[in-house]
Amino acid sequence: MTPGNGAKPPSDRTRTTMSITTDRISCAREQLALAGQEHVLHFVDALNDADCTRLLSQIESIDWSEIGSLIESHVNNRAGWQLPDCIDPAPWYPCVPAAELQDKYTKARALGEQLLRGGKVAAFTVAGGQGTRLGWDAPKGTFAATPITGTTLFGCLAGYITKAQARFGCTVPWYIMTSPANDADTRAFFEDHGYFGLGSDNIMLFPQAMMPAIDATTAKVLLTSRDGLALSPNGHGGALKALHTSGATADMRARGVEQISYTQVDNPLVKVVDPLFIGLHALDEAQMSSKMVSKAHPTEKLGNFCLVDDKMAVIEYSDLPDELAQQRTADGELRFSAGSIAIHVIRHDFVEQLNDATRGFALPYHRADKKVDYLDIATGDIIEPDEPNAVKLEMFVFDALPLCESSIVCETDRIEEFAPIKNADAADPADCVDSPLTSRRLQIERAARWLESAGVRVPRNGDGNVDPVIEIRPTTAIEPDDLRQIELPQHVERASETLL
Ligand code: UTP
């Protein structure tokens, strides 16, 4: 049939494209109906091809039957967290072993090194978070973190891997989880930095899945535009699924990787692959293990390592009753003192087991009430709420711990390994918490300690704080002993900058 307005009839190719789009729309409508979310297609007839395709791709990336049941459990019914009846503090391996543990630590370190030398260990960085609190308008890993060279967070991790590879004469393949929101920028950053000399073949970037934000009152998924859902990453727990769906675990299997060293992107001091930790975990045949720091005070905002019905678990600081948080042992130490810093070693086959299709992926979702800007379908206005209006759903990586047959916790020294960058600097330095400023101070403190342990005099102020600015690049040293390989000054000048 020729259209009456004299326009050309659509070509076969256009017709095919149109019918594919029509099929995709009706398929999307069916999926959305499963969760009572047909409003998501409200504007579909008014969209041009590109916008329609964008919207359809977002809809198709989501499991709507899962969303339907999550809305029921977490939005309509607020599935609450129940305090277990039986909670005990988890045991841990201390930083400094008692005499009876010294042999075990020596063996563990040797085993960890052997696993590294044999190419059995992969580094895994989760970098899919939104970095909202830091307010950095680019992937968090591209943030300049170090005090003198301003090396980025990714640069610090890459430097560590470079040094570890040189020391152990091995390749440590590096897997990095991004999100659809920062994947392209992260890839461009690695490309621009020549993959930090590690070889693009040994670095695999892959995005995690996204979840839609849901209106807390109407239980409807929010739109941010006529062709876009309000989406955010599905939490660091999504890593355990994305490792599988992205093909990363298959790639690891092909390389012979047995252990995955999991760290976050925002800690420039992290030991990306720690032979002692990996070795203790392997020696004890653990499936997923964790590092802890001793909490600075009872209610410090760190998850607590606990045994719940004899299974390892992390209880969030906000969920641990104050009465338990304040308990002390006969020695006056906090009873629940092991704080989680999100460093794990995970056995490759444990990740595969979690993704076994016959069992289904078992990590639970957690509800977070957040302010989310959205498009009001009735008026077409963008609404910027003053109060939390939406439910976001996230999985947490530590929820895999209770699923382990065996799991250990190792203590690490805060100053040696924990300088997180979470928040933007406050106007008053005294108010900064886990910010670029506090992180730089901790990096300087660690560098000073390492120099002092090598006999270098470092001037400190009356309050004990290091006076000069010192940066030790990971390519120079990832352990204090590495400093013995280089020529060191006898002392560092006050008010100077020292870069090693
Ligand atoms: P956080 O939750 O501490 O911070 O993530 P964030 O998401 O980067 O920033 P905020 O909360 O919006 O301010 C801890 C680590 O987990 C990763 C982050 O990239 C960071 O390395 N993460 C978090 C993911 O990879 N995916 C997520 O969905 C959430």
Side-chain angles (χ1 to χ4, degrees), residues 61-62 123-143 145 152-158 174-183 185-186 189 204-213 230-243 245-246 248 260-270 272 290-291 300-303 314 316-318 339-344 346 363-373 388 390-400 417-426 432-436 438-439:
S61 70
I62 287 161
F124 177 38
T125 307
V126 287
Q130 294 175 297
T132 330
R133 288 169 287 169
L134 182 60
W136 173 244
D137 194 21
K140 212 186 208 183
T142 68
F143 187 79
T152 59
L153 286 161
F154 280 135
C156 294
L157 305 177
W174 188 11
Y175 299 83
I176 300 166
M177 184 177 80
T178 61
S179 82
N182 69 17
D183 187 71
D185 287 347
T186 307
F189 180 81
M204 177 174 176
L205 296 128
F206 58 89
Q208 67 182 112
M210 303 288 265
M211 286 294 274
L231 295 176
S232 48
N234 65 349
H236 39 66
L240 296 174
K241 197 168 189 175
L243 274 170
T245 51
S246 65
I260 304 169
S261 181
Y262 169 109
T263 59
Q264 300 190 334
V265 74
D266 48 18
N267 179 6
L269 290 188
V270 75
V272 182
S290 316
K291 275 198 186 167
E300 185 177 6
K301 292 183 174 177
L302 295 176
V314 167
E316 289 188 83
Y317 64 90
S318 48
S340 172
I341 51 170
I343 300 175
H344 303 282
I346 311 171
L363 258 55
Y365 276 94
H366 296 255
R367 169 184 175 140
D369 290 85
K370 301 270 177 171
K371 281 192 278 183
V372 175
D373 296 352
V391 174
K392 284 190 180 182
L393 295 165
E394 290 195 354
M395 290 183 277
F396 298 154
V397 72
F398 54 72
D399 278 331
E417 200 170 355
F418 190 48
I421 299 181
K422 299 280 182 196
N423 307 302
D425 283 330
C432 289
V433 179
D434 295 344
S435 76
T438 58
S439 176

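Atoms within each ligand, like the ligands themselves, are counted from 1 in listed order. Residue numbers count from 1 along this sequence.
- Under the 3.5 Å distance criterion, the side-chain polar atoms of H236 are matched with a main-chain donor or acceptor of V397.
- For atom 24 (C) of ligand 1, the nearest protein heavy atom (residue, atom name, distance) is G129 N, 3.2 Å.
- Between atom 11 (O) of ligand 1 and the options Q130, R133, K422, M395, the minimum heavy-atom separation is to R133.
- Put simply, the side chain of N267 gets close to the backbone of A419: a donor and an acceptor are under 3.5 Å apart.
- In this structure, the side chain of K241 does not engage the main chain of L363 through any donor-acceptor pair within 3.5 Å.
- Close contacts of ligand 1 with A127, meaning ligand atoms under 4.0 Å from a residue heavy atom, involve 19 (O), 25 (O).
- Considering backbone and side-chain atoms alike, D266 places every N or O at 3.5 Å or more from each N or O of ligand 1.
- Of the protein's non-hydrogen atoms, the one nearest atom 12 (O) of ligand 1 is T132 OG1, 2.5 Å.
- Remark: minimum distance from atom 21 (O) of ligand 1 to any protein heavy atom is reached at V126 O, 2.7 Å.
- Looking only at protein heavy atoms, the nearest one to atom 14 (C) of ligand 1 is Q264 NE2, 3.3 Å.
- Close contacts between ligand 1 and Q208 involve ligand atoms 24 (C), 25 (O), 26 (N), 27 (C), 28 (O) [criterion: under 4.0 Å to a heavy atom].
- For Y175, there are no ring pair (Phe, Tyr, Trp, His ring centres under 6.0 Å) partners two or more places apart in sequence or in a different chain.
- Here the protein heavy atom with the shortest distance to atom 25 (O) of ligand 1 is G128 N, 2.7 Å.
- Contacts between P233 and ligand 1 below 4.0 angstrom, taking non-hydrogen atoms only, involve backbone and side chain alike.
- For S435 (side chain) and N423 (main-chain N/O), no donor-acceptor pair under 3.5 Å exists by modelled atom type.
- Close N/O approach between V265 and ligand 1 is found [any backbone or side-chain N/O within under 3.5 Å].
- Screening F189, W136, F154 for a ring pair (Phe, Tyr, Trp, His ring centres under 6.0 Å) involving F143 leaves a single residue, W136.
- Scanning the protein heavy atoms around atom 29 (C) of ligand 1, the nearest turns out to be H236 N, 3.7 Å.
- For T178 (side chain) and F206 (main-chain N/O), a donor-acceptor pair under 3.5 Å exists by modelled atom type.
- Under 4.0 Å from ligand 1, not a single heavy atom of E394 appears.
- Residues passing the side-chain hydrogen bond (donor to acceptor under 3.5 Å, both in side chains) test with K422, sequence neighbours excluded: Q264, D266.
- Between the side chain of T263 and the backbone N or O of V272, no donor-acceptor pair lies under 3.5 Å.
- Looking only at heavy atoms of the protein, atom 6 (P) of ligand 1 is closest to G131 N, 3.7 Å.
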